[in-house]
Amino acid sequence: MKKYHNLERLRMSRGAREALQEHCLRKLEERYITGESRERKAFGLLAGTVDGPVGTIERCWPLLGNVRGEQPYKALMDAVMSAHAVVSETPFAKRGWVADPAELLAIHKECRALGLEVLSTYHMHRVAWDHDGKRDTPTLLDTVLGEDTHLFMVIVSVVEPAAPVIRAFYEGRPDREVPLEFLP
């Protein structure tokens, strides 16, 4: 697996940004597509190219399946939630997601065929907390889950759906934010 810790900034194509925002807002509004988990949470992969210290995100792949409730993933995620998550309006047992391994493999195969590299995961935060009204930064749980992935984690805050906030952090670490430029 390639490591992207030396990237100094990310750029995102207009198409990738539009697909990312559409996915998050569609899930927030509970407009599901065939084969998609019926949950108000969006997550996926972002892929592109690397040129020196700059990564350019060219494609957004929304992930449709969430195997969070299936074993062995349920037991693993339950343990991580108990150890690192903070209380929110959604109960621990219904929080988090685990991508369907078959779906991930298919996306990686398509990336190789297109000459793209998976640079980042993404997910949305939709609920404001008393201590974090914007929810545009990674939580401790995000940082734990992002550790040793060597990928960026893009957080999409839809606390205010009319004005989503999109930020990028290496391995979900709040102290490792990189500038994210949106291309016209």
- Residues Lys41 and Glu39 bridged, charged N to O under 4.0 Å: yes
- Query: Any link between Leu114 and Met12 through a network of hydrophobic side chains (Ile, Leu, Val, Met, Phe, Trp, Tyr) touching at under 4.5 Å?
  - Reply: yes
- Residue pairs fulfilling salt bridge (Lys or Arg N to Asp or Glu O under 4.0 Å) with at least one residue in residues 49-61, sequence neighbours excluded: Arg59-Glu110
- Would you confirm whether Arg176, through its side chain, and His5, through its main-chain N or O, come within 3.5 Å as a donor-acceptor pair? yes
- Item | Sequence-distant partners of Phe43, ring-ring contact (aromatic ring centres under 6.0 Å, His included), two or more places apart | Trp97
- Message: Taking transitive links into account, so neighbours of neighbours count too, which hydrophobic residues share a cluster with Leu64 at under 4.5 Å side-chain distance?
- Response: Ile33
- Lys109 side, atom NZ; Ile107 side, atom CD1 - distance, nearest 0.5 Å: 13.5 Å
- Minimum-distance pair of heavy atoms, taken over all atoms of Thr143 and Arg173: CG2-CG, 3.8 Å
- How close do Ser37 and Tyr32 get, heavy atom to heavy atom, and via which atoms? O-CD2, 3.7 Å
- Query: Quick one: do Phe169 and Leu45 end up in the same hydrophobic cluster if we chain Ile, Leu, Val, Met, Phe, Trp and Tyr together by side-chain heavy atoms under 4.5 Å apart?
  - Reply: no
- Task: Calculate, to the nearest 0.5 Å, the distance between atoms CG and CG belonging to Leu10 and Leu119 respectively.
- Result: 7.0 Å
- Look only at the side chain of Asn66 and the backbone of Val98, and say whether a donor-acceptor pair between them is shorter than 3.5 Å. yes
- To the nearest 0.5 Å, atom CD1 of Ile57 lies from atom OH of Tyr122 at 11.0 Å
- Query: Backbone N or O of Pro174 within a donor-acceptor pair of the Thr137 side chain at under 3.5 Å?
  - Reply: no
- Message: Quick check: do Leu180 and Ile166 have side-chain heavy atoms less than 4.5 Å from each other?
- Response: yes
- Donor-acceptor pair, Asp142 side chain versus Thr139 backbone, under 3.5 Å? yes
- Item | Distance (rounded to the nearest 0.5 Å) between Tyr170 OH and Lys3 NZ | 7.0 Å
- Contacts of Thr56 meeting side-chain hydrogen bond (donor to acceptor under 3.5 Å, both in side chains) (sequence neighbours excluded), chain-then-number -> Arg11
- Message: Using salt bridge (charged side-chain N to carboxylate O under 4.0 Å, His left out), reason through Arg31 and Glu29 one step at a time and then give a plain yes or no.
- Response: CA-CA 6 Å; Arg31 293 182 289 119; Glu29 295 167 0; 2.8 Å; yes
- In short, Cys60 meets Ala16 closest at the heavy-atom pair CB-O, 3.7 Å
- Cluster question for you: counting only ILVMFWY and a side-chain heavy-atom cut-off of under 4.5 Å, with indirect links fine, are Leu20 and Leu151 together? yes
- If only atom types and distance count, is the side chain of His23 paired as donor or acceptor with the main-chain N or O of Pro62 below 3.5 Å? no
- Message: If we ignore hydrogens and angles and just use 3.5 Å, is the side chain of Arg126 paired with the main-chain N or O of Val159 as donor and acceptor?
- Response: no
- Query: Within the side chain of Glu171, is there an N or O that forms a donor-acceptor pair under 3.5 Å with the backbone of His150?
  - Reply: yes
- Query: Do the side chains of Val158 and Leu25 get nearer than 4.5 Å, heavy atoms only?
  - Reply: yes
- Test item: Leu7 and Val54 side chains (from C-beta on) under 4.5 Å apart, heavy atoms: no
- How many angstroms lie between CG in Leu46 and CG in Leu116, if you round to the nearest 0.5 Å? 11.5 Å
- Query: Hey, what do you get for CE (Met153) to NE2 (His123), rounding to the nearest 0.5 Å?
  - Reply: 5.5 Å
- Task: Only counting residues at least two apart or in another chain, list the ones meeting side-chain hydrogen bond (donor to acceptor under 3.5 Å, both in side chains) with Arg9.
- Result: Glu181
- Hey, quick one: are Val127 and Ile155 part of the same hydrophobic cluster, counting side-chain heavy atoms closer than 4.5 Å, chains of contacts allowed? no
- Task: Check for a donor-acceptor pair, side chain of Gln21 on one end and backbone N or O of Pro164 on the other, with a separation under 3.5 Å.
- Result: no
- Item | Considering all heavy atoms, the nearest Val154-Ser120 contact | CG2-OG, 3.3 Å
- Task: Provide the closest heavy-atom pair for Tyr4 versus Val118 in the form atom of the first, atom of the second, distance.
- Result: CE1-O, 3.5 Å
- Could you list all the salt bridge (Lys or Arg N to Asp or Glu O under 4.0 Å) pairs where at least one residue sits in residues 158-168, not counting sequence neighbours? Asp136-Arg167, Arg167-Glu177
- Task: Please report the shortest heavy-atom distance between Pro161 and Leu28, naming the atom on each side.
- Result: CG-CD2, 3.6 Å
